[in-house]
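Before any comments, here is the structure.
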Amino acid sequence: MSRDDGRAMPTPISRRTVLAASGGLAAAAAVGATTLSTAAAADPASANGYVDVQLVNITDLHGYLQPPADTDGGIITGAGGVKLQVGGVGYLATHLKRIQQGHANSILCSSGDNFSGWPYYVDAQNNEPTIEVLNALGLRFSSVGNHELDKSTDFLLHHMQDGHRYPYDEPFVDFVDSTGRRFHGADWKYYTGNVVHRDGNRLVAPAYNIEYVDAGHGRRIPIGFIHLTVEGCVEGPGFNCSYQPTLATTDLIAAANRSAAALKRKGVHALIVVMHEGGVAGSDYNSGTNPTGPAFDLAAVADPDIAAIVTGHWHCRFNMMVPGPDGVPRPVTEAGCYGQLITEVGLKLDPTTGRFVRELTTATNHPVTRDVPTDPQVQDIVDYWSAAADRLSATPIARQTGDLVRTPNPDGESTFGNFVADFIVWDAAQDGPRATAEFGFLPVLPPKGRSALTTDLPYAKGSGEDGVISYGAAWKSYGFDSPIVTVTMTGDAFHRGLEQQWQTQPDGTVKYAPVAVSRQVGYVYDVTKPVGQRVDPATVTIDGQPLDLARGYRVATNAYTVLAYDGYPAFTEYTDAVRHSLDHEGFVRYLRLRKVVSPPELGRATAANAHHAPAYTPPKRPGPHARPEPPGVRGPR
């Protein structure tokens, strides 16, 4: 048979025939025995007359433009336990060009968390380096990841996507890119079908996008891409950086099916899900075993016209076929993180029906190995931003008159802990009367997780720069890229939180987990009394007035404390949260605007007798993942 354009007509494929010919393939595919949807996908004749579409996907880059360290995601495991060294966008670009070469209908997309990077050189520069690199790679679109909501939807959509100035970080509102021009934003768009504004339930971004592929002789066929973001990422607990009290998320499966129905009403029947949510399916990056997680739950029941599901968020690596509700397998893949892998999905589009022939789908995860040359254009961009970060790091932003250090006095107070507690109150006040806090506090050495105080700011620098605080030193001394929040907390909850500085361990010992309080707070403690009775509430004062246990106070702290990361149960009892700066950025702004800062007074906590708070050792500087992990959550970030 032939068509009027001279090309061969598609060979009709009976689903029953294909599944019968493949024997037990559908069942085997559920545990990842193959990357072919059916045996017919390996037969070139079966593809005759169909339009080739190549989907290329990356996920969770997190700004890792330079190759990650071996201990930080730079090594992955393949079949037979083979170890490969991977990552680095210079190498990623080279591999992408090879994979996409010769494919007229190749579409590169991301499953989200492109930015909000752990590396200082991108994080400290508004994550703008990542956007310039993704522009150079030819990214077509991305799902919204949870970390892309770490600042705000305004920052995501107006600054990172559209390139408008973000005025809150003057003078660091934007940076000069590698071409010498002001940052202009992404050359592509963000999408999500299930993140909404609580006020009116409006989506923060479009739910789906439509791309057109060339079917020959001027004909273009639409493909609908359905986008989803991990549930709960803006509500907390379980998430910290992306906590946004004005937003909410809706059900993933319902959102996927809703977008599928909307696209089909528009006449778009070739559908793909790109989601920032995933799962776990073994350790081999190019297969899958024992799959579990939300992505696999969705794959089993979502609209059968969805031909492929590319995922993210869990930083896992797998590639497998999972039967949909009609029994036909479809790929479910995840490409790890930090540029470790590139997912390639091969699809066949029926030009007559406008649908993918799901029985002919293939999928492969390609490792981004470092045994190829780096792409010179992309590597030049990376090198430019790395050098710019070094210059920025050395930029003076304030002077200090004395040491801001974590070394505690006998009562567990430190100049740096008190200084940051005072800063938190200041930061809240920048957002108006509703946000203004009556006092603030900050766990210095929490019972679980990591301390937000990561390095000291000593007066002596040993380099002729005594008393100078640089951008880099300030950025690296405090913070997780976690938001500061103002909440309503009762006096009783705050008092019980102070008591929880002493916690009895399973072996009967008492762990001391000091909390720094702002200058408005004073209290007396007595370590000779039983745990839970060491702070007499009658000794606690707020601005010189006795603490009212029944009253609600507006209190400022970091989000991870109220969201149960730190291990003080009483501090999780709050209402009416208002979100402020990310901790790093607010702290830099505070120092820059103050110009000259001095160590604060100590004596906010006072021992009732000669028995003082136990001594403690400030934590060592944390590793590259300087953010607390979600409590009780396996895998995803």
Quiz item: Got a sec, which pairs hit side-chain hydrogen bond (donor to acceptor under 3.5 Å, both in side chains) with one end in residues 535-551, sequence neighbours left out?
Solution: E438-R551
Quiz prompt | Parallel, tilted or perpendicular: rings of W475 and H584 (30°, 60°) | solution =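 Parallel: the ring planes of H584 and W475 meet at under 30°.
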Practice problem: Using the six-membered ring wherever Trp is involved, compare the ring planes of F423 and F587 and label them parallel, tilted or perpendicular (cut-offs 30° and 60°). | Solution: perpendicular
Quiz item: Is any side-chain N of the basic residue among R406 and D456 closer than 4.0 Å to the acidic one's carboxylate O?
Solution: yes
Quiz item: Do the side-chain N and O atoms of T229 and T192 include a donor-acceptor pair separated by under 3.5 angstrom?
Solution: yes
Quiz item: Among side-chain atoms of H611 and D526, is any donor-acceptor pair under 3.5 angstrom?
Solution: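 Checked: H611/D526 side chains show no N/O donor-acceptor pair below 3.5 Å.
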Quiz item: Within 45° of the six-membered ring axis of Y565 and under 6.0 Å from that ring's centre, is NZ or CZ of K448 located there?
Solution: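 Not satisfied by the 6.0 Å and 45° rule.
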Exercise. Find out whether L247 and R198 are in side-chain contact, i.e. whether some heavy atom of one side chain is under 4.5 Å from a heavy atom of the other.
Key: no
Exercise. Sort out for me which residue in N418, V444, V515, V517 forms a side-chain contact (heavy atoms from CB on, under 4.5 Å) with E413.
Key: N418
Quiz item: Sequence neighbours excluded, which residues qualify as side chain to side chain contact (heavy atoms under 4.5 Å, CB included) partners of A69?
Solution: T71, D72
Quiz prompt | Qualifying residues under side chain to side chain contact (heavy atoms under 4.5 Å, CB included), relative to A493, sequence neighbours excluded | solution =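 Counting only residues at least two positions away or on another chain, A493 forms a side chain to side chain contact (heavy atoms under 4.5 Å, CB included) with M489, T490, R496, E573.
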Practice problem: Examine Y560 together with F480 and report whether their ring centres are nearer than 6.0 Å. | Solution: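 Y560 vs F480: aromatic centres under 6.0 Å.
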Quiz item: Hey, would you say the H147 and W118 ring centroids sit under 6.0 Å apart?
Solution: yes
For the atom pair [atom1] ([X]) and [atom2] ([Y]), what is the distance rounded to the nearest 0.5 Å?
X    : Y    : atom1 : atom2 : answer
Y338 : D60  : OH    : CG    : 8.0 Å
T572 : Y568 : OG1   : OH    : 13.0 Å
E585 : K151 : CD    : NZ    : 3.5 Å

Quiz item: Taking all atoms of both residues into account, what is the closest heavy-atom pair of R554 and V578, and its distance?
Solution: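 So the two residues come closest at NH2-CG2, 3.6 Å.
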Quiz item: If you look at every heavy atom in Y166 and S152, which pair is closest and at what distance?
Solution: OH-OG, 3.6 Å
Exercise. Would you please name every residue forming a salt bridge (Lys or Arg N to Asp or Glu O under 4.0 Å) with D162, sequence neighbours left out?
Key: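 Expected list: K189.
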Quiz item: Does F419 have any ring pair (Phe, Tyr, Trp, His ring centres under 6.0 Å) partners at least two apart in sequence or in another chain, and if so, which?
Solution: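 Only Y590 meet the ring pair (Phe, Tyr, Trp, His ring centres under 6.0 Å) criterion with F419.
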Self-check item: All pairs passing salt bridge (charged side-chain N to carboxylate O under 4.0 Å, His left out) where residues 417-433 contributes a residue, at least two apart
Solution: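 Non-adjacent pairs meeting salt bridge (charged side-chain N to carboxylate O under 4.0 Å, His left out): D422-R519, D422-R604, D427-R589.
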